[in-house]
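Quick notes on the structure that follows.
Worth saying up front: this structure is predicted, and the values here are computed from it rather than measured. We use all heavy atoms of the structure for the numbers below, so side chains are in, but hydrogens, waters and symmetry mates are not.
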Amino acid sequence: MASASAETASSSSEIATAAASPTTERRGIPAAQFVEDVQTFLSQLDLDVNSALAFLQERLQQYKLVEMKLLAQQRDLQAKIPDIEKCLDIVATLQAKKEGGEALTADFEVSEGIFSRARIEDTDSVCLWLGANVMLEYSCDEKNLENAKASLEVLIADLQFLRDQVTITQVTVARVYNWDVHQRRIRQAAAAAANES
């Protein structure tokens, strides 16, 4: 029993080594290898069908986990972009007032339900209250919106790449499984023919 588990562990490490050398990857996401010839694929990895299928299923789970993380990041960025746009509108108003030489009078919330009026004169920076007693100061020419949109584009491209890898891996699982079924039928037919003789 111990030798079987050691054998499985060595097979898993061999698969990981063989699969860790994909033709390409994107930002740490390994590319899936499309398998045209299942027999060659299995012999290159020196695996049986069950070990190969287990590895491919494990890879699919890893892809799904990465996809969930990327989707969460995408949702966060999509939620932040409108907030950033609103902040940029306020900064543009501040800069317009500054260029016009006039002060901006604004009401702001001090605490829940408590507001105060402030007169904002010449300013080159904006402080953003993050909560939990944390405030950050930004210059008025920060490029947060462009950074957020660029990050969103990269995330969308990563998700598309990941979906392609999931599809390739699912096709590979189906090809390996179907090849195994076909090989079993050939062996059964040969055994039946041998029994008839």
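- Remark: the backbone N or O of Ile156 is not paired with any side-chain donor or acceptor of Gln160 at under 3.5 angstrom.
- Legend: residues meeting side-chain contact (heavy atoms from CB on, under 4.5 Å) with Ala103, ordered by chain and number and at least two apart, are Arg119, Glu121.
- In terms of modelled atom types and a separation under 3.5 Å, the side chain of Tyr63 and the main chain of Pro30 share a donor-acceptor contact.
- Through ILVMFWY side-chain contacts below 4.5 Å, Ile186 is grouped with nothing and stands alone.
- In terms of heavy atoms, Leu155 sits closest to Leu77 at CD1-CD1, 3.5 Å.
- Under a 4.5 Å side-chain heavy-atom cut-off, the cluster of Ile, Leu, Val, Met, Phe, Trp and Tyr residues that includes Phe115 has no other member.
- For Gln78, the side chain to side chain donor-acceptor pair (under 3.5 Å) criterion is met by no residue, not counting sequence neighbours.
- Among residue pairs with one or both ends in residues 99-112, those qualifying as side-chain hydrogen bond (donor to acceptor under 3.5 Å, both in side chains) are Lys97-Glu102, Asp107-Arg117; sequence neighbours excluded.
- Residues forming a side chain to side chain donor-acceptor pair (under 3.5 Å) with Asp37 (at least two apart in sequence, or on another chain): Thr40.
- Here Arg185 pairs with nothing under the salt bridge (Lys or Arg N to Asp or Glu O under 4.0 Å) rule; sequence neighbours left out.
- Evaluation of the salt bridge (Lys or Arg N to Asp or Glu O under 4.0 Å) rule for Arg184 yields Asp180 as partners, not counting sequence neighbours.
- Scored by the side-chain contact (heavy atoms from CB on, under 4.5 Å) test, Gln57 finds Leu60, Val173 as partners (sequence neighbours excluded).
- Pairing each heavy atom of Leu42 with each of Trp179, the nearest pair is CD1-CZ3, 3.4 Å.
- Looking at residues two or more places apart in sequence or on another chain, you find a salt bridge (Lys or Arg N to Asp or Glu O under 4.0 Å) between Asp158 and Arg26, Arg27.
- For Glu153, the salt bridge (Lys or Arg N to Asp or Glu O under 4.0 Å) test picks out no residue, with sequence neighbours left out.
- Identified under the salt bridge (charged side-chain N to carboxylate O under 4.0 Å, His left out) test for residues 66-77, with sequence neighbours left out: Glu67-Arg163.
- Other residues, nucleotides and ligands place no more than 12 heavy atoms under 6.0 Å from the OH atom of Tyr177.
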